[in-house]
Amino acid sequence: MITLIGAICAISGMLLGWVGRTKAFKDEVASEATADASLQTDVSYIKTGILDIRVDLRDLGRRMDDFSERLTRVEESAKQAHKRIDEMKE
């Protein structure tokens, strides 16, 4: 009888240990999946932000090119105006 009770206790202990280990493993997998999903969302958000910055930077480059052209025209116009003023003084 004592041997039977000991065997039952040992088997139930093994079963409870196995169930506890399985539950802990499932909880660990769930927490890792949550952390991975959060990290993936953050990386996606950063990637979108970088793409927006690139678009803004290209637009800023185009605007700077336009301003450069306009500045060159203004400088040429000012140069010709100075020539005309110098001719008028003479």
Side-chain angles (χ1 to χ4, degrees):
M1 190 70 164
I2 293 176
T3 308
L4 182 61
I5 292 174
I8 291 173
C9 287
I11 292 172
S12 66
M14 289 182 349
L15 286 174
L16 287 175
W18 180 262
V19 169
R21 186 175 185 280
T22 303
K23 185 177 183 300
F25 179 73
K26 286 181 182 179
D27 291 343
E28 183 180 335
V29 168
S31 67
E32 285 180 10
T34 302
D36 287 346
S38 174
L39 182 63
Q40 200 168 26
T41 301
D42 291 344
V43 169
S44 176
Y45 179 73
I46 291 169
K47 188 189 290 186
T48 303
I50 289 172
L51 291 175
D52 290 343
I53 290 170
R54 284 183 181 169
V55 168
D56 291 343
L57 189 60
R58 283 188 194 126
D59 184 47
L60 185 60
R62 286 186 197 119
R63 289 177 55 198
M64 290 300 291
D65 290 341
D66 291 343
F67 284 137
S68 177
E69 278 184 43
R70 290 177 63 192
L71 179 63
T72 303
R73 287 188 206 138
V74 168
E75 287 174 341
E76 290 172 358
S77 177
K79 186 178 177 181
Q80 289 188 5
H82 283 292
K83 284 182 182 178
R84 286 192 302 265
I85 291 172
D86 289 340
E87 288 175 2
M88 288 174 60
K89 282 184 180 178
E90 294 174 1

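Residue pairs satisfying the side chain to side chain donor-acceptor pair (under 3.5 Å) criterion with at least one member in residues 61-78, sequence neighbours excluded, are listed as follows: E69-R73.
Partner R54 forms a side-chain contact (heavy atoms from CB on, under 4.5 Å) with one of L51, D56, L57, D52 and no other, that one being L51.
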Show me, pair by pair, the donor-acceptor contacts under 3.5 angstrom made by side chains of residues 34-42, not counting sequence neighbours?
| unit_1 | atom_1 | unit_2 | atom_2 | d |
| --- | --- | --- | --- | --- |
| T34 | OG1 | A30 | O | 2.9 |
| T41 | OG1 | A37 | O | 2.9 |

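The NZ atom of K47 sits 9.5 Å away from atom CD1 of I50, with the distance rounded to the nearest 0.5 Å. Between the CG atom in L15 and the CD1 atom in I8 there is a gap of 12.0 Å [rounded to 0.5 Å].
Looking at residues two or more places apart in sequence or on another chain, you find no side-chain hydrogen bond (donor to acceptor under 3.5 Å, both in side chains) involving E87. In terms of the salt bridge (Lys or Arg N to Asp or Glu O under 4.0 Å) criterion, residue partners of D27 (sequence neighbours excluded) are, by chain and number, K23.
In this structure, F25 belongs to a hydrophobic cluster whose other members, linked by side-chain heavy atoms under 4.5 Å apart, are V29. Summarising the hydrophobic clusters (Ile, Leu, Val, Met, Phe, Trp, Tyr; side-chain heavy atoms under 4.5 Å, direct or chained), the residues clustered with M14 are none.
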